[in-house]
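Written out below as structure tokens is the structure these notes cover.
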Amino acid sequence: MQTSRVRCDEPVTTVFTWQVRPGKEDVFEEWTKGVTRSASRFPGNEGVAWLRPEEGHRFHAVLRFSDPQRLGAWLTSDERARWHARIDGVATEVSSERQSTTGMETWFDLPGTNGSAPPRWKMALTTFLGAYPFTLLIQWLVAPHTAGWPLPLRAAIFPLVLLPTLTFVVMPFLSRLLRRWLYPSP
């Protein structure tokens with residue numbers, strides 16, 4: 001299991017891997033909706049993204065909490081235990097593949113692998129490819145309407161829109177799309 005030292009006041013992202021029994025994918029996907037709703041109401045939760053396999057039966061959940069203590073509270077909660085009991089015989093968590101981090105490398109780590117993140121230049125280029133179109137859209141669609149706002153408020157719009165979009169939508173998509181380039185076979 002890969003772990004990292006995490007400061008007490010930093011957000012933490014954890015990747016969970018689930019092995020789903022063949023033929024039970026629909027039941028598991030329905031379960032993911034419920035457990036995601038439940039986790040989203042838990043104090044400190046900052047979002048859950050599910051990565052479905054292109055083939056095979058391993059699903060990955062990318063869970064983000066405001067700090068390690070609140071993540072720990074969710075992981076040890078009775079509510080989470082009840083959700084896990086509901087999929088007994090449907091799927092099991094591959095706990096040896098659980099990974100936690102606080103850095104941008106989360107966008108590029110492949111769950112269930114012991115490999116390292118891609119070279120920094122590839123991460124930078126991929127991030128640019130993900131951020132540039134949204135930066136352009138924000139400047140085109142939002143900036144003209146906020147011209148009269150105070151600078152600190154205008155400046156807040158950009159990260160408030162861009163960072164969640166990159167973290168939960170764009171970068172997981174790009175890391176899957178560019179997987180062969182980011183992680184070439186040896």
Side-chain angles (χ1 to χ4, degrees), residues 1-115 117 130 134 159-177 179 182-183:
M1 175 166 72
Q2 178 184 345
T3 60
S4 62
R5 293 182 185 250
V6 180
R7 286 186 28 201
C8 294
D9 59 347
E10 287 187 8
V12 62
T13 301
T14 302
V15 178
F16 298 90
T17 300
W18 292 89
Q19 181 68 39
V20 179
R21 286 188 153 186
K24 300 285 187 176
E25 295 84 2
D26 290 343
V27 174
F28 183 76
E29 290 208 33
E30 194 60 35
W31 175 85
T32 65
K33 294 173 188 172
V35 74
T36 298
R37 278 191 306 274
S38 182
S40 70
R41 292 187 299 266
F42 211 81
N45 182 284
E46 294 183 353
V48 181
W50 285 92
L51 306 175
R52 284 147 179 85
E54 293 175 11
E55 55 186 54
H57 304 284
R58 284 187 186 259
F59 287 67
H60 307 284
V62 181
L63 179 64
R64 185 165 171 85
F65 267 81
S66 60
D67 57 71
Q69 294 75 21
R70 290 186 176 179
L71 171 64
W74 164 250
L75 294 177
T76 58
S77 71
D78 291 339
E79 186 173 353
R80 181 175 184 264
R82 286 190 298 272
W83 277 103
H84 279 232
R86 291 181 185 185
I87 56 164
D88 190 33
V90 173
T92 54
E93 182 189 346
V94 184
S95 58
S96 64
E97 295 182 10
R98 187 183 294 181
Q99 301 176 25
S100 292
T101 184
T102 59
M104 192 170 105
E105 70 274 5
T106 305
W107 287 345
F108 298 96
D109 278 348
L110 285 178
T113 66
N114 292 326
F134 288 95
L160 284 173
V161 172
L162 184 65
L163 296 178
T165 303
L166 283 176
T167 300
F168 297 111
V169 180
V170 176
M171 296 310 293
F173 170 76
L174 282 177
S175 64
R176 282 192 311 271
L177 181 70
R179 181 182 325 209
L182 290 167
Y183 311 94

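Remember, predicted model here, so these are calculated numbers, not experimental data.
- The two atoms that bring Pro159 and Pro164 nearest to each other are O-CD, 3.5 Å, heavy atoms only.
- Atom CZ in Arg86 sits 13.5 Å away from atom CG in Asp88 (nearest 0.5 Å).
- Residues Phe59 and Glu29 form a side-chain contact, since some pair of their non-hydrogen atoms from C-beta on lies under 4.5 Å apart.
- Among residues two or more places apart in sequence or in another chain, the side-chain contact (heavy atoms from CB on, under 4.5 Å) test is passed with Ser40 by Asn45.
- Distance check, rounded to the nearest 0.5 Å: CZ of Arg179 to CG of Leu174 gives 12.5 Å.
- Of the inter-residue distances, the one linking Thr165 atom OG1 with Met171 atom CE reads 12.5 Å to the nearest 0.5 angstrom.
- Interatomic distance, CG of Leu163 versus CZ of Phe134, reported as 12.5 Å (0.5 Å rounding).
- Side-chain contact between Phe16 and Leu75 is present, with at least one heavy-atom pair separated by less than 4.5 Å.
- Classification of the Trp18-Phe28 ring pair by plane angle, with boundaries at 30° and 60°, yields tilted.
- Ring geometry, Trp74 versus Phe65: the interplanar angle falls under 30°, so the pair is classed parallel (tilted spans 30 to 60°).
- Here the closest heavy-atom approach between residue Thr13 and residue Val62 is recorded as CG2-CG1, 3.6 Å.
- Sequence neighbours left out, not one pair with a member in residues 11-25 passes salt bridge (Lys or Arg N to Asp or Glu O under 4.0 Å).
- Across all their heavy atoms, Val48 and Ala39 have their closest contact at CG2-CB, 4.3 Å.
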Kindly indicate, with the supporting measurements, whether the criterion salt bridge (Lys or Arg N to Asp or Glu O under 4.0 Å) is fulfilled by Glu30 and Lys33.
CA-CA 5 Å; Glu30 194 60 35; Lys33 294 173 188 172; 3.6 Å; yes
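- At least one cation-pi condition fails for Arg80 and Trp83: the charged atom is not both under 6.0 angstrom from the six-membered ring centre and inside a 45 degree cone around its axis.
- Atoms OG1 and CH2, on Thr36 and Trp31 in that order, are 7.5 Å from each other to the nearest 0.5 Å.
- Side chains of Val27 and Ile87 form no contact here, defined as non-hydrogen atoms less than 4.5 Å apart.
- Panel note: side chain Ser38, backbone Val35; no donor-acceptor pair is recorded below 3.5 Å.
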